[in-house]
Protein chains: 2
Amino acid sequence: MVADLTSRRGVPDATVARLPEYLRALTALTERGVTSVSSEELAAAAGVSSAKLRKDLSHLGSYGVRGVGYDVEHLAYEIARELGLTQDWPVVIVGMGNLGRALADYSGFIKGGFRVVGLLDRDPALVGQDIAGLAVRHMDDLAAVASEHSVSIGVIATPAASAQDVCDALVDTGIRAVLNFAPCMLSVPDGVDTRRVDLSTELQILAFHSQRRMLDVAAEGVAGDEAAASAPTPVGAAR
Amino acid sequence: MVADLTSRRGVPDATVARLPEYLRALTALTERGVTSVSSEELAAAAGVSSAKLRKDLSHLGSYGVRGVGYDVEHLAYEIARELGLTQDWPVVIVGMGNLGRALADYSGFIKGGFRVVGLLDRDPALVGQDIAGLAVRHMDDLAAVASEHSVSIGVIATPAASAQDVCDALVDTGIRAVLNFAPCMLSVPDGVDTRRVDLSTELQILAFHSQRRMLDVAAEGVAGDEAAASAPTPVGAAR
DNA sequence: GTGACTTTGTGCATTTGTTCACGAGCGCGT
DNA sequence: ACGCGCTCGTGAACAAATGCACAAAGTCAC
């Protein structure tokens, strides 16, 4: 019994991070009417190796059939269950600037159990305005909104300067999961989970790889000059 | 010489992913007038352990002073250089829906060498409109915009359905780095780097952890009932 | 029912990343 | 000049994640 729990806890973080992608791929297959899929095909659709996919799925249980593959619908259900998408996750979004608006609209696309139940902002000019079918409410109403809908996830779409204050307020209402779009670290008490999404971080990582590629090519060119006589085509693109 | 190149290449991916956060923390310190910082302090500001921070920084070189710490300004410069932020990275954003608009505005906040030089959309109604001081141009002008400004990074903020087409077009213009906000996998030729940012994926990961926490607490409660007589306070919050 | 074929699930080796612990080097007070 | 305390840089131990290869377990044809 406790062993069951331990095995459930045993899903590695790296695997969890890929499950949403698998689920998306499976959903796409369902829409195309495909009912069965091999690890090879699904892995290709999700952009991973088939070995990795099989190992990931093996952490959830044995939902495949040897010699056949996976039942698309059933596997999708099991992944959704593992991710907790079979239950309801009421969400509030704080900060109704451009980003908050985009998120409020975009969230309509989400198939899972996420439901935006509150849009909040500190600016009185925005309060009352209708966005994506929901009236914006003032930050002071946070506690009311949160308890009214048993909100479990908070999304921060404010400037960095107010992010920590907003986060503290969210945590005070009992929210234990925070998605932070502000470009700053949040400090939270133990037991609260935060994830950060940041455009600038991603661009910087892309820039690093781009720069490295440029340096590599340049260095390769030099090396190629030296070795040109012996090896006309030194290397293919690595990685 | 080749060894130099190898050592440069040797910066681990996990480290690269953390460099932007270090840089941000350093920038914040600069703004507060702090000129010197220890690994312990900087690690706390960036939300990592000091050992990890020191190992990460050691991959870039020896920029610290033993017994003293790091010079904030100098370290920031070295990280920025490593990330490629000392050069110019012209960016185009494709898709001027709510998200694209938010990105176009937000990008003004970016301190690094990123410069939005083009906003594109397929919808004629949006073309010509002014967003964040830039006129939206039609997708057909992509090649012109790209060559005119030597664009090196493309950002996709379109619906999933058109993301792959847009990506192909970006790659055709010679762009080798793509940041994808559409909820789908992109297939690209070798030598092209893509990163995906997705609200729904992040929410699902948060949901997983929330659910696990709930299950753990429930199970702990049961275990606690069993063990209650012997251990009134079974455990503190783990992790 | 049997054999050939297919595809999963998994043990093992390898690579990658993290933590620990401590030696090396620097500034400072005396 | 010299020891003392502080903090970086790093090798070695440890942990996590990945890739490989194959046995186990199923379907299908006949």
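A note on names: the letters A, B, ... follow the listed sequences, proteins ahead of strands, and every chain is numbered from 1. All figures in this text were calculated on a predicted structure; none of them were measured in a lab.
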TODO: Taking heavy atoms of chain A and a 4.0 Å limit, find me the 5'-most and 3'-most nucleotide of DNA chain D within that range.
DONE: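 Using the under 4.0 Å cut-off, the span is D:dA17 to D:dT27.
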Task: Spacing between A:E41 atom CD and C:dT6 atom C1', to the nearest angstrom - done: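 Distance, rounded to whole Å: 12 Å.
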Task: Nucleotide C:dT16, atom C1' - distance to NZ of B:K52 in whole Å - done: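 Between C1' of C:dT16 and NZ of B:K52: 13 Å.
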TODO: Would you list the pairs meeting salt bridge (Lys or Arg N to Asp or Glu O under 4.0 Å) in which at least one residue belongs to residues 49-78 of chain A, sequence neighbours left out?
DONE: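 Only A:R18-A:D56, A:E78-A:R81 qualify under salt bridge (Lys or Arg N to Asp or Glu O under 4.0 Å).
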Open item on the list: Going by side-chain hydrogen bond (donor to acceptor under 3.5 Å, both in side chains), name the pairs with one or both residues in residues 26-37 of chain A, residues two or more places apart or in two chains.
Closed with: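 Counting only pairs at least two positions apart or across chains, no side-chain hydrogen bond (donor to acceptor under 3.5 Å, both in side chains) contact touches residues 26-37 of chain A.
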Open item on the list: Under 4.0 Å, counting only non-hydrogen atoms across every strand here, what does B:S49 touch: a base, just sugar-phosphate, or nothing?
Closed with: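 Sugar-phosphate, no base atom in range.
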Task: salt bridge (charged side-chain N to carboxylate O under 4.0 Å, His left out) partners for B:D88, two or more places apart - done: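 With neighbours one apart ignored, the set is B:R115.
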Qualifying residues under side chain to side chain contact (heavy atoms under 4.5 Å, CB included), relative to [X], sequence neighbours excluded:
X	result
A:Q164	A:C167, A:D168, A:L186, A:S187
B:S162	B:R122, B:T158, B:P159
B:A160	B:P183, B:C184

Please tabulate, one pair per line, each protein N/O and nucleotide N/O from nucleotides 8-10 of chain C that are separated by under 3.5 Å, including the distance.
unit_1 : atom_1 : unit_2 : atom_2 : d
C:dT8  : OP1    : A:S39  : N      : 2.4
C:dT8  : OP2    : A:S39  : OG     : 2.6
C:dT8  : O2     : A:R66  : NH1    : 3.1
C:dG9  : OP1    : A:G64  : N      : 3.1
C:dG9  : OP2    : A:Y70  : OH     : 2.7
C:dG9  : O4'    : A:R66  : NH2    : 3.2
C:dG9  : N7     : A:R54  : NE     : 2.8
C:dG9  : O6     : A:R54  : NH2    : 3.1

Task: Smallest separation among heavy atoms of A:P20 and B:I205, with atom names - done: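 For A:P20 versus B:I205, the nearest heavy atoms are CG-CG1, 4.3 Å.
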Open item on the list: If the condition is ring pair (Phe, Tyr, Trp, His ring centres under 6.0 Å), which residues does B:Y77 pass it with, not counting sequence neighbours?
Closed with: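 Per chain and number, B:Y77 pairs via ring pair (Phe, Tyr, Trp, His ring centres under 6.0 Å) with no residue.
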